[in-house]
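Atoms within a ligand are numbered from 1 in the order they appear, just like the ligands themselves. Everything numeric in this text was worked out from a predicted model, so none of it was measured. Just so you know, these numbers use all the heavy atoms, side chains as well, and skip hydrogens, waters and symmetry mates. Note that the numbering runs from 1 along the sequence shown for the chain.
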Amino acid sequence: GSAQIGVIGMAVMGSNLARNFANHGYRTAIYNRTWAKTEAVAKDHPEANFIASEDLGEFVDSLEKPRRIVIMVKAGAGTDATIDALIPLLEPGDIVVDGGNAFFQDTRRREEKLRAHDLHFVGAGISGGETGALEGPSIMPGGSPHSYEYVGKMLEDISAKVDGPNGEEPCCTYIGTDGAGHFVKMVHNGIEYADMQFIGEAYDLLKGAGLSAAEAADVFAQWNTGDLDSYLIEITSEVLRQTDAETGKPLVDVIVDAAGMKGTGTWTVQEALNLGVPAAAIAEAVFARAASSSPELRKAAEAALTGPDGVVEVEDRAAFVEDVRQALWASKVIAYAQGLHLIKVAAKDYGWDIDVAAVARIWRAGCIIRAKLLDRIANEYAAGNLETLLEAPSIASGLAESNPAWRRVVAKATLAGVPIPGFSSALSYYDLVRAPRTNAALTQGLRDFFGSHTYRRVDKEGTFHTVWSGDRSEVNAEDTH
Ligand code: NDP
C-alpha cells in the first residue's frame with residue numbers, strides 16, 4: 001500500500017479530517033460503511049487525491065505498514081463495530097486512532113483489547129467541530145508512547161497552531177496512556193458547559209439591568225478585547241447581534257429556552273462524583289441545562305412560586321457591567337480550576353502522567369474553550385507543581401481583585417431573583433476551599449450521633465466517639481471495637 005494514513009467514517013468530521021491530512025501532504029485513504037458517501041467525498045475533493053475503497057480489506061491493503069488508521073464514526077456501537085471488523089485485517093504493530101467522542105472507560109477497554117492482538121490503540125479527543133477538523137482542531141491523544149511516535153507528528157501537523165515563545169506550537173501533545181486523552185477531552189467539554197452557563201448568567205444580568213440584546217452584544221465584543229478574550233465570548237456577541245428575519249426580533253428572543261446536551265458534560269460530573277472531586281460549578285452548568293429542558297417542572301413551579309422578577313436596580317450602568325465582567329472572569333477561573341483538579345486526581349487514580357501545563361497549552365487554539373486565560377494557566381502550571389490553579393500567584397491576585405465585584409453581582413442577582421447557579425456556586429467554592437475551618441465538623445458530629453461514625457480531634461491523635469445515648473462522655477473509638 002502507498003497511503004500514509006487512512007480515515008474511516010466519511011460523515012462531516014471524518015471527511016474534513018481526511019481533507020486536512022491531504023492538505024498537509026499526506027497520501028490519504030478513505031473508507032465508509034456506506035460506499036456512496038466515500039464516493040461522494042472523493043468526487044467532491046479531487047484535489048485531495050484520496051485513495052477511496054469500497055471494501056474494508058482493500059482499504060487496509062492500501063496503507064503503508066505499520067498502518068495508521070483514524071476512526072471517525074458514531075461513538076459507541078459504531079466504534080466497536082468498526083474495530084471488530086478491522087482486527088482480523090490488521091497485523092501486529094498497526095495503529096488504530098479513535099478520534100470520536102468516546103467515553104474514556106470505553107477507550108481503556110478498547111486499548112486493552114487491541115493490545116491483546118499486538119495492535120496499538122490511540123484514543124484521541126478532538127475538539128473544534130467541523131471547521132476545526134478541516135482547518136486544525138485541538139487534539140488530545142492517549143495511548144502508548146510507542147504509538148505516539150508513529151502518529152504524533154501527523155496529528156500535530158493537522159492540529160491548530162498557536163504562536164508561542166518558540167514560534168508556532170501545535171495544539172496536540174501526548175496526554176498519557178489508554179483513556180487519558182479522551183478523559184481530558186471530556187473535561188474540556190465540562191469546562192465548556194460551565195463557560196457557556198456563566199455567559200448565559202452574565203447576559204441575564206445585563207438584560208436585567210435594562211440592556212437590549214444588541215447592547216449586550218456590544219458589551220461582549222468589548223469584553224473580548226481584554227482578559228475574557230475567547231472564542232465563546234466572541235461568538236456570544238455574534239449570536240446576540242443576530243436579528244430574526246421573520247419577526248425582526250433579536251434571534252435570541254425567538255429561540256426556545258431549552259438547551260440540549262450530548263453527554264460529555266454529564267460524564268464529567270459523574271466522574272467527579274466517582275473520584276470525590278468537588279466540581280460543583282461544572283455540575284451546576286449541567287443541571288441548569290437539565291432544568292431548562294424540564295418543561296413540566298418549570299410549568300408547575302412558574303405557576304406556584306412568587307419572587308422578584310429579575311429586574312436589577314442599577315445606579316451606574318457602566319459600573320455594573322464592569323462588575324459582571326469581573327464576576328464572569330472569576331467564575332470562569334473557578335471552572336478551569338475544578339476541571340484541571342479533576343484531571344490531576346484522575347491521573348493519580350488511573351496511573352496517567354499528565355502534564356497539566358501541556359493540556360492548557362493545547363487548548364489555546366482549535367478547540368471551543370480556546371481563551372487568552374489559557375496562556376496564563378499554562379505558564380502557571382509550567383512554573384510550579386500546583387495542587388490547584390487557585391494557588392497560582394497571578395490567579396490568586398486576580399481573584400482577590402475581582403472579589404468585591406463578584407460578591408456584589410451574586411448579592412444583586414440574588415436580591416433581584418436572577419438565577420445564577422454558576423456564579424454563586426463558583427463563589428461558594430472559592431469561600432469553601434479557602435476556609436480555615438468548615439461546617440464539616442458539625443456534619444461529622446451528627447454522623448457520630450446517629451451512626452457512631454466517630455470523629456478525629458483537632459488537639460490529639462486518635463479516633464473518638466461520644467456516648468450520645470448514654471452519659472455523653474467521650475471514649476476512644478479504637479477501644480470500643
Ligand atoms: P456521526 O457521529 O454522525 O456518525 C456517522 C458516521 O458513523 C458515518 O460515517 C456512519 O457510516 C458511521 N457509522 C455509524 N454507525 C456505524 C456502524 N455501526 N458501523 C460502522 N460505521 C458506522 O458522524 P460525525 O462526523 O458527526 O462524528 C464522528 C465522530 O466525531 C463521533 O464520535 C462524534 O461524537 C465526534 N464528533 C466530534 C465533534 C467535535 O467537535 N470534536 C463534533 C461532532 C462529532 P454510514 O455512512 O455507513 O452510516
Side-chain angles (χ1 to χ4, degrees), residues 6-21 29-44 50 52-57 59-60 69-89 96-107 110 121-142 155 158-160 171-172 175 179 181-193 195-196 231-232 235 260-268 362-363 365-370:
V7 180
I8 298 182
M10 284 298 114
V12 55
M13 290 296 290
S15 57
N16 279 353
L17 218 56
R19 290 171 62 200
N20 192 347
F21 279 118
I30 57 173
Y31 171 84
N32 189 67
R33 180 180 61 175
T34 308
W35 165 240
K37 262 189 215 167
T38 317
E39 215 179 4
V41 170
K43 190 163 152 271
D44 291 348
F50 288 130
S53 299
E54 182 167 3
D55 176 76
L56 188 60
F59 165 82
V60 167
I69 296 172
V70 177
I71 303 179
M72 209 62 195
V73 302
K74 199 169 189 65
T79 309
D80 280 319
T82 305
I83 288 173
D84 289 342
L86 271 176
I87 287 176
L89 302 171
V96 177
V97 179
D98 175 19
N101 261 335
F103 181 49
F104 79 102
Q105 295 286 20
D106 287 336
T107 302
R110 289 168 185 147
F121 188 67
V122 175
I126 301 185
S127 174
E130 41 185 293
T131 313
L134 181 62
E135 292 170 5
S138 172
I139 309 182
M140 295 147 254
L155 296 178
I158 65 157
S159 74
C171 289
C172 170
I175 302 289
H182 275 133
F183 190 94
V184 165
K185 169 66 187 351
M186 174 191 83
V187 174
H188 162 286
N189 285 28
I191 293 173
E192 174 188 316
Y193 274 58
D195 256 350
M196 289 168 71
Y231 173 68
L232 283 170
I235 65 171
M261 46 184 167
K262 291 203 297 191
T264 44
T266 304
W267 291 346
T268 309
I362 65 167
W363 285 348
C367 66
I368 307 297
I369 65 170
R370 58 187 185 262

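Regarding atom 5 (C) of ligand 1, its nearest protein heavy-atom neighbour is A11 CB, 3.8 Å. Regarding atom 43 (C) of ligand 1, its nearest protein heavy-atom neighbour is M13 CG, 3.6 Å. For atom 40 (O) of ligand 1, the closest heavy atom belonging to the protein is G129 N, 2.8 Å. In terms of protein heavy atoms, atom 16 (C) of ligand 1 is closest to R33 NH1, 3.3 Å. Among all protein heavy atoms, the one lying closest to atom 2 (O) of ligand 1 is K74 CA, 3.5 Å.
Of all the atoms in ligand 1, the ones that sit under 4.0 Å from a non-hydrogen atom of V12 are 25 (O), 26 (O). For ligand 1, the atoms lying closer than 4.0 Å to a non-hydrogen atom of G128 are 40 (O). Residue contact check: M10 has heavy atoms under 4.0 Å from atoms 9 (O) of ligand 1. Heavy-atom proximity to I126, at under 4.0 Å, picks out these atoms of ligand 1: 39 (C), 41 (N). Atoms of ligand 1 lying under 4.0 Å from any heavy atom of G9, numbered from 1 in the order shown and given with element: 9 (O). In the vicinity of T82, heavy-atom distances shorter than 4.0 Å reach the ligand 1 atoms 20 (C).
Looking at ligand 1, you won't find any N or O of A81 less than 3.5 Å from one of its N or O atoms. The shortest N or O to N or O distance between T34 and ligand 1 is below 3.5 Å.
Atom CH2 of W267 and atom CZ of F183 lie 12.0 Å apart (nearest 0.5 Å). In this structure, S159 OG and N20 CG are separated by 8.5 Å, a value rounded to the nearest 0.5 Å. Separating the CG atom in L86 from the CD1 atom in I71 is a distance of 5.5 Å, to the nearest 0.5 Å. The distance from the CE atom of M261 to the CG atom of N189 is 13.0 Å, given to the nearest 0.5 Å. Here the straight-line distance linking atom CD1 of I8 with atom OG1 of T82 works out to 6.0 Å at 0.5 Å rounding.
Residue N101 touches ligand 1 through backbone and side chain together, judged by heavy-atom distances below 4.0 Å.
Side-chain atoms of V184 and W363, non-hydrogen and from C-beta on, do get closer than 4.5 Å to each other.
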Before giving the answer on side chain to side chain contact (heavy atoms under 4.5 Å, CB included), spell out for L89 and L56 the whole-Å C-alpha distance, their side-chain angles and the decisive distance to 0.1 Å. CA-CA 8 Å; L89 302 171; L56 188 60; 3.7 Å; yes
Derivation and outcome, side chain to side chain contact (heavy atoms under 4.5 Å, CB included), residues L17 and M13: CA-CA 6 Å; L17 218 56; M13 290 296 290; over 6 Å; no
Between S127 and M140, is a side chain to side chain contact (heavy atoms under 4.5 Å, CB included) present by the stated rule, with each step listed? CA-CA 8 Å; S127 174; M140 295 147 254; 4.0 Å; yes
Go through the steps for F121 and T107 under the test side chain to side chain contact (heavy atoms under 4.5 Å, CB included), then give the verdict. CA-CA 8 Å; F121 188 67; T107 302; 3.9 Å; yes
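Of all the listed residues (V73, D80, N32, L17), V73 holds the heavy atom that lies closest to atom 13 (N) of ligand 1. Among E130, K37, M72, H188, the residue whose heavy atom sits closest to atom 30 (O) of ligand 1 is M72.
Tested against N101, the residues K185, H182, K74 include a single side-chain hydrogen bond (donor to acceptor under 3.5 Å, both in side chains) partner, K185.
Proximity of atom 19 (N) of ligand 1 to the protein is indicated by at least one non-hydrogen atom lying closer than 4.0 angstrom.
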